[in-house]
Amino acid sequence: MAESETLPVEATSPRADGGRCEFPGCHPIRITRDEIADYDGRYEYWEARTETAWEVNEPTSPYHELPSQRLARLSDRIAAIRGSPIETFGTSDLLVRDANGERHSILQADQILYLDPGRSQPRGHAVEVGQDDLPDVILEVDLTTDVRRGKLAIYESWGFPEVWVDVPDERSPSTGSPQPGSARGLPLARESRRPSTLTIYLLEDGRYRTAPASVAFPGWTAAEIHKAMNERDCSAETVAVLTRVGRVLGERLGTGPDDDPFLGVQRRESRAEGERAGATKVFEVMQLLGARDIAISQALIAARDLIVEAPLPALQRAAIDCADGDDFLRRLKELT
């Protein structure tokens, strides 16, 4: 395919409401209908009317990609607690076709998530609006772009239920002068001056409103999501949040960690080890009592769970110091 032509026009496109969608940090390039199907570059939006794509000025960087990759890993951890998979597809084409079945317009999302394992996934190379089930969540990372000035309006008109827009904590060095590797020698886009934060947009009556927490991931707040996506290492606070959200989702489906293929195995192995350790502890205590000629009564046998819970050194001391079985039981209850 021939190299796409850079167009000397503003990075805007008409909106359905008569306004214009802006694509800051992007430049328009010509990509024909025939070329777009095989085009492997990154762009924000493509429309057939003008055969124009809005390509991001700055090359893809780890600073842009990290949040979406971290979200995929966080979703996997929530899925493990829920006990059923969450699918993440990364950068994906979201496609609308015209009445003749031809490509009409395409958005590229930074990350898309499907939470319901029973729902159909995209059948082709793109999520086709009006044909495929729409993702439960779309993530956009605004490092040098601003989806609020255009792309968000298109998501709204196409009916995507929940969009997250993250402005990352960690920013790459940027400059307004041309740099080697910048798209077609254009100046690298300046990073967003907006404060680092995550905003949740929920579709209600055909319009987006900002919300403090996700609906798809019930109770997961925008602040918690942003913190988790921007942590180098998962903090104890984030682990607690992911566990909380996973349990809520699991309660809705009647599933839990034991249903996860990996976490379930670990939990079963842990329980088996705990049962073996508990049986060993009970055996040692009974041996000590038996060595002192203290009868093993039904009451002592029934106290097995209390013995398992108590620390072994304290149990050993109680078994050595007690006057009889009843005295041991009194001491055991004090330990637990």
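Since we're looking at a predicted model, the values are computed, not measured.
Distance SG/Cys21 to CG/Leu152: 9.5 Å, rounded to 0.5 Å. If you take CE on Met229 and OG on Ser196, they are separated by 11.5 Å, rounding to the nearest 0.5 Å. To the nearest 0.5 angstrom, Ile106 atom CD1 is 12.0 Å from Ile154 atom CD1.
A continuous path of hydrophobic side-chain contacts links Leu315 to Leu306 [ILVMFWY only; heavy atoms under 4.5 Å]. By the criterion of side-chain heavy atoms lying less than 4.5 angstrom apart, applied directly or through intervening Ile, Leu, Val, Met, Phe, Trp or Tyr residues, Ile320 is not grouped with Phe328; the two fall into different hydrophobic clusters.
Aromatic ring orientation, Phe23 versus Tyr45: parallel (interplanar angle below 30°, classes split at 30° and 60°).
With salt bridges taken as basic N to acidic carboxylate O contacts below 4.0 Å, none links Asp326 and Arg330. With respect to Asp205 and Arg207, no salt bridge is recorded, no charged nitrogen being found less than 4.0 Å from a carboxylate O.
Under the 3.5 Å distance criterion, the side-chain polar atoms of Asn57 are matched with a main-chain donor or acceptor of His27. In terms of modelled atom types and a separation under 3.5 Å, the side chain of Thr145 and the main chain of Val147 share no donor-acceptor contact. A distance-only check finds no donor-acceptor pair linking the side chain of Thr243 to the backbone of Val241 [under 3.5 Å]. In this structure, the side chain of Glu156 engages the main chain of Tyr208 through a donor-acceptor pair within 3.5 Å. Of the possible polar contacts, one joining the Glu51 side chain to the Arg33 backbone as a donor-acceptor pair under 3.5 Å is found. The backbone N or O of Arg73 sits nowhere less than 3.5 Å from a side-chain atom of Arg70 that would complete a donor-acceptor pair. Here the side chain of Asn100 pairs no donor or acceptor atom with the backbone of Glu102 at under 3.5 angstrom. Arg82 contributes a side-chain N or O that, together with a main-chain N or O of Leu115, makes up a donor-acceptor pair within less than 3.5 Å. With hydrogens and angles ignored, the 3.5 Å screen pairs a side-chain donor or acceptor of Lys151 with a backbone N or O of Gln108.
Around atom CZ of Arg97, more than 12 heavy atoms belonging to other residues, nucleotides or ligands sit under 6.0 Å away. Residue Arg317 places its CZ atom among 12 or fewer non-hydrogen atoms of other residues, nucleotides or ligands, all under 6.0 Å distant. Surrounding CZ of Arg77 are at most 12 heavy atoms belonging to other residues, nucleotides or ligands under 6.0 Å away. Counting heavy-atom neighbours within 6.0 Å of Arg232 CZ, excluding the residue itself, gives a total of 12 or less.
Side-chain atoms of Tyr39 and Glu55 form a donor-acceptor pair, as typed in the model, at a separation below 3.5 Å. In summary, the side chains of Gln111 and Thr88 do not present any donor paired with an acceptor at a separation below 3.5 Å, with no hydrogens or angles considered.
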Worked check of salt bridge (charged side-chain N to carboxylate O under 4.0 Å, His left out) between Asp110 and Arg42: CA-CA 10 Å; Asp110 291 326; Arg42 292 286 296 272; 3.3 Å; yes
Mind running side chain to side chain contact (heavy atoms under 4.5 Å, CB included) on Leu249 and Ser84 for me, showing each step along the way? CA-CA 9 Å; Leu249 288 169; Ser84 60; over 6 Å; no
Audit row: Leu312, Gln316, side chain to side chain contact (heavy atoms under 4.5 Å, CB included) steps and yes/no: CA-CA 6 Å; Leu312 183 58; Gln316 292 171 332; 3.8 Å; yes
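Nearest approach of Ile307 to Lys281, heavy atoms of both residues: O-CD, 3.1 Å. The minimum heavy-atom distance linking Ala126 with Asp132 is given by the pair O-OD2, 3.4 Å.
Residue pairs that meet the side-chain hydrogen bond (donor to acceptor under 3.5 Å, both in side chains) test with at least one member in residues 249-264, sequence neighbours left out, are Asp258-Arg267, Asp258-Arg271.
Shown here are the ring-ring contact (aromatic ring centres under 6.0 Å, His included) partners of Trp46, two or more places apart in sequence or in another chain: there are none. Evaluation of the ring-ring contact (aromatic ring centres under 6.0 Å, His included) rule for Phe160 yields Tyr155 as partners, not counting sequence neighbours.
Considering Asp76, Leu66, Leu113 as possible partners of Leu71, the one that fulfils the side-chain contact (heavy atoms from CB on, under 4.5 Å) test is Leu113. For the side-chain contact (heavy atoms from CB on, under 4.5 Å) criterion with Asp166, the lone passing option out of Leu143, Leu139, Asp142 is Leu139.
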